[in-house]
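Input: a single structure, listed below in structure tokens.
Here the structure is a predicted model, which is why all the values come from computation and not from measurement. Excluded from the calculations below are hydrogen atoms, water molecules and symmetry mates; all remaining heavy atoms, backbone and side chain alike, are included.
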Amino acid sequence: MKLGIIGGSGLYEIDGFEFIGEESVETEWGSPSDAYRHYRYKGVEFYFLNRHGRSHGIPPHSVNYRANIAGFEKLDISRIISFTAVGGIKGVKPGDIVISSNAIDHTSGRAHTFYDCGLIHHIDFTEPFCPELRELLINSAENAGVGVIKSGVYICTNGPRLETAAEIKYFEKIGADTVGMTLFPEAPLAREKEICYANVSVITNYAAGTSDAKLTTVEVVETMKAATERIKALVSALPDSYTVNRNCFCKDALEGTKISK
Ligand code: HPA
């Protein structure tokens with residue numbers, strides 16, 4: 001049983017997790033952000049990847065998302081849980097944890113598909129997150145006594161700048177609850193590889209213009225740090241509800257999606 005985790009290094013060193021080693025992987029799409037750190041806990045093999053690199057030197061628009069996802073595929077990982085820091089637009093406050101239920105792509109210029117030369121697939125992305133993995137997260141949070149908000153629409157911007165107040169007003173109007181910079185193209189790339197993917201977002205700040213406070217990265221980092229113990233408790237509870245077989249649509253995501261000439 002193998003599970004991929006994408007997040008920051010704050011998630012490493014969870015009590016009871018046995019560190020097995022680091023796996024450096026090269027892919028046809030280039031190098032992933034970092035080596036994958038392999039841990040074992042309660043019969044589950046966890047592979048952690050630091051999305052922004054070891055020293056947090058890779059900004060959201062420069063992450064090699066294709067290499068990161070292809071690296072997980074090479075390690076034979078069929079499920080990925082992503083952790084992200086986000087601004088809260090509607091119905092959430094700093095410190096809240098949201099299991100995202102849908103998403104809007106507002107990025108541009110990122111290498112966003114594995115199928116851009118010759119072979120074309122149009123994957124179904126009506127539901128961007130694996131329903132089974134979302135359920136696993138919700139059950140595990142409940143078992144760990146970690147309060148989570150069970151749904152929310154994540155809008156992904158290009159960054160690295162934060163948003164204008166007018167942009168946030170517009171994002172709220174089109175249905176977004178949270179705003180971050182890293183869900184796209186990570187989520188659809190996982191789907192293109194038939195890997196289950198779900199997202200846990202930590203609200204680190206009120207989105208631009210929704211409070212009087214000036215947005216600072218210090219606030220983002222501090223709020224994320226404060227949520228780390230709850231996130232670790234949630235991750236530690238995953239093996240208790242984990243099932244080996246996948247019965248979701250992700251595993252057959254490429255079926256009937258190919259354009260043949
Ligand atoms: N906007 C975009 N990305 C973010 C934010 C935000 O307010 N907070 C954390 N990541």
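With sequence neighbours left out, the ring pair (Phe, Tyr, Trp, His ring centres under 6.0 Å) criterion links Y115 to H121. Residues passing the ring pair (Phe, Tyr, Trp, His ring centres under 6.0 Å) test with H106 are F171, sequence neighbours excluded. Judged as a ring pair (Phe, Tyr, Trp, His ring centres under 6.0 Å), and not counting sequence neighbours, the contacts of F17 are Y41, F46. K42 pairs by the salt bridge (Lys or Arg N to Asp or Glu O under 4.0 Å) definition with D240, not counting sequence neighbours. For V220, the side chain to side chain contact (heavy atoms under 4.5 Å, CB included) criterion is met by A85, T204, N205, not counting sequence neighbours. Remark: N158 engages T107, S108, R110 in a side chain to side chain contact (heavy atoms under 4.5 Å, CB included) (not counting sequence neighbours). D252 pairs by the salt bridge (Lys or Arg N to Asp or Glu O under 4.0 Å) definition with nothing, not counting sequence neighbours. Scored by the side chain to side chain contact (heavy atoms under 4.5 Å, CB included) test, K90 finds E172, D177 as partners (sequence neighbours excluded). For the side chain to side chain contact (heavy atoms under 4.5 Å, CB included) test, residues two or more places apart in sequence or in another chain that qualify with K93 are D96, Y206.
Applying the salt bridge (Lys or Arg N to Asp or Glu O under 4.0 Å) test to pairs two or more places apart or on separate chains, none has a residue in residues 201-228. For residues 124-141, the pairs satisfying side-chain hydrogen bond (donor to acceptor under 3.5 Å, both in side chains) are D124-T126, with sequence neighbours left out. Sorted by first and then second residue, the pairs that involve residues 53-91 and meet ring-ring contact (aromatic ring centres under 6.0 Å, His included), not counting sequence neighbours, are Y36-F72, H52-H56.
Between G30 and P32, the shortest heavy-atom contact is O-CD, 3.7 Å. For the pair P239 and V44, the tightest heavy-atom approach, listed with the atom from each and the gap, is CB-CG2, 3.8 Å.
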Problem - Trace of the side chain to side chain contact (heavy atoms under 4.5 Å, CB included) decision for H112 with F184 - result: CA-CA 8 Å; H112 61 288; F184 284 92; over 6 Å; no
Problem - CA sep, side-chain torsions, deciding dist, call: I6, N68, side chain to side chain contact (heavy atoms under 4.5 Å, CB included) - result: CA-CA 9 Å; I6 308 179; N68 287 353; 5.5 Å; no
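Taking CD1 of I149 as the reference point, atom OG1 of T178 lies at 10.0 Å (rounded to 0.5 Å). Note that the CD atom of E192 and the CZ atom of F125 stand 9.0 Å from one another [nearest 0.5 Å]. The line from CZ of F129 to OG of S100 is 4.5 Å long, rounded to the nearest 0.5 Å. Once rounded to the nearest 0.5 Å, the distance linking CG of L133 with CG of L238 reads 8.0 Å. Residue I123 holds its CD1 atom at 7.5 Å from OG1 of T113, rounded to the nearest 0.5 Å. Between atom CD of residue E255 and atom CD of residue E194 there is a gap of 7.5 Å, rounded to the nearest 0.5 Å.
Considering only heavy atoms from C-beta on, I155 comes within 4.5 Å of I174 through its side chain. A heavy-atom distance below 4.5 Å is found between the side chains of S78 and R246. By the 4.5 Å heavy-atom criterion applied to side chains, L183 and Y197 are counted as neighbours. V148 is not listed as a side-chain neighbour of L137, based on a closest heavy-atom distance of 4.5 Å or more. Taking the side chain as every heavy atom from C-beta outward, L3 and I77 never approach each other to under 4.5 Å. Proximity of I5 to L49: side-chain heavy atoms (C-beta onward) are nowhere separated by under 4.5 Å. For the pair N102 and Y154, the minimum side-chain heavy-atom distance is 4.5 Å or more.
Between S201 and T84, the side chains place a donor N or O and an acceptor N or O closer than 3.5 Å (distance only, hydrogens not considered).
Remark: R161 engages E167 in a salt bridge, criterion side-chain N to carboxylate O under 4.0 Å. In summary, R51 and E186 engage in a salt bridge, as defined by a charged side-chain N under 4.0 Å from a carboxylate O.
With T228 contributing its side chain and M224 its backbone, the two residues share a donor-acceptor pair below 3.5 Å. Here the side chain of K74 pairs no donor or acceptor atom with the backbone of T27 at under 3.5 angstrom.
Annotation: D15, atom CG; neighbour count of heavy atoms from other residues, nucleotides and ligands within 6.0 Å does not exceed 12. Residue F19 places its CZ atom among more than 12 non-hydrogen atoms of other residues, nucleotides or ligands, all under 6.0 Å distant.
The salt bridge (Lys or Arg N to Asp or Glu O under 4.0 Å) with E45 is formed by just one residue from the set K2, R40, R79, R37; it is R40.
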